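Inspection log for the structure reproduced underneath, given as structure tokens.
Bear in mind the structure is a predicted one, so any value in this text is a computation, not a measurement.
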Amino acid sequence: RWFPTGKVLFMAPTRSLVMQQVDACYSIVGIPKNDTATMIGAGGSIQSRAEQWRNKRVFFATPQVVANDAARENFPVKSAVCLVVDEAHRATGQYAYVTAIQRIAAQNPRFRIMALTATPGSTIQKVQEVMAALRISHLEI
């Protein structure tokens, strides 16, 4: 393993999309459940989330949870090695994806992002805005 203590985050903008990611990863990829945590803002205290951030390796979360926990310093952002961003076209302006990435990047320059979207943008400028917000340097269509 290249990053034995690294954290992998799967982010989606809604609870239902987060749960779709959970189902796909458990059934298709075979990620062990005991290595994962699902954080969708409902239930669980900030303290229990902080403990999960310390003890788990794979996270399924909304970007709001990631941004908020990074601001509270509950999430060890220096341990993040890979972020998977679903519905990446939402990463514009002050949307939580943008805030989460900024907070992670401020303390951790060495992480990768894989951004996924079915609707990248209606103009080149919109696509470039998302690419800049998510620090994307390579695009595949």
Shortest non-hydrogen contact between [X] and [Y], atoms and distance:
X      : Y      : value
Val77  : Ala70  : CG1-CB, 3.9 Å
Ala96  : Ala67  : O-CB, 4.2 Å
Pro13  : Arg90  : CG-NE, 3.6 Å
Ile113 : Leu134 : CD1-O, 2.9 Å
Ile104 : Ala80  : CG2-CB, 4.3 Å
Ala88  : Ala115 : CB-CB, 3.6 Å

Going by heavy atoms in the side chains, are [X] and [Y] under 4.5 Å from each other?
X      : Y      : value
Arg135 : Phe111 : yes
Val65  : Ile40  : no
Met131 : Leu139 : yes
Thr92  : Val98  : no
Gln21  : Asp86  : yes
Leu83  : Ile101 : yes
Met11  : Val66  : yes

Could you work out, with salt bridge (Lys or Arg N to Asp or Glu O under 4.0 Å) as the rule, every residue matching Arg54, not counting sequence neighbours?
none
Residues which pass side chain to side chain donor-acceptor pair (under 3.5 Å) with Tyr95, listed by chain and number, not counting sequence neighbours:
none
Classify the ring geometry of Phe10 against Phe60: parallel below 30°, tilted from 30° to 60°, perpendicular beyond 60°.
parallel
Going by an N to O cut-off under 4.0 Å, is there a salt bridge joining Arg49 and Asp69?
yes
How many angstroms lie between atom [atom1] of [X] and atom [atom2] of [Y], to the nearest 0.5 angstrom?
X      : Y      : atom1 : atom2 : result
Asn68  : Thr62  : CG    : OG1   : 8.0 Å
Glu129 : Ile124 : CD    : CD1   : 13.5 Å
Arg57  : Leu9   : CZ    : CG    : 12.0 Å
Met39  : Ser48  : CE    : OG    : 7.5 Å
Lys56  : Asn34  : NZ    : CG    : 6.0 Å

With sequence neighbours left out, which residue pairs that include part of residues 98-122 fulfil the side chain to side chain donor-acceptor pair (under 3.5 Å) condition?
His89-Thr117, His89-Thr119
Check: Glu87 main-chain N/O paired with Tyr97 side-chain donor or acceptor under 3.5 Å
no
For the residue pair Lys7 and Phe59, would you count it as a cation-pi contact if the rule is NZ or CZ under 6.0 angstrom from the ring centre and within 45 degrees of the ring axis?
no
Would Leu17 end up clustered with Val84 when hydrophobic side chains under 4.5 Å apart are linked, directly or stepwise?
no
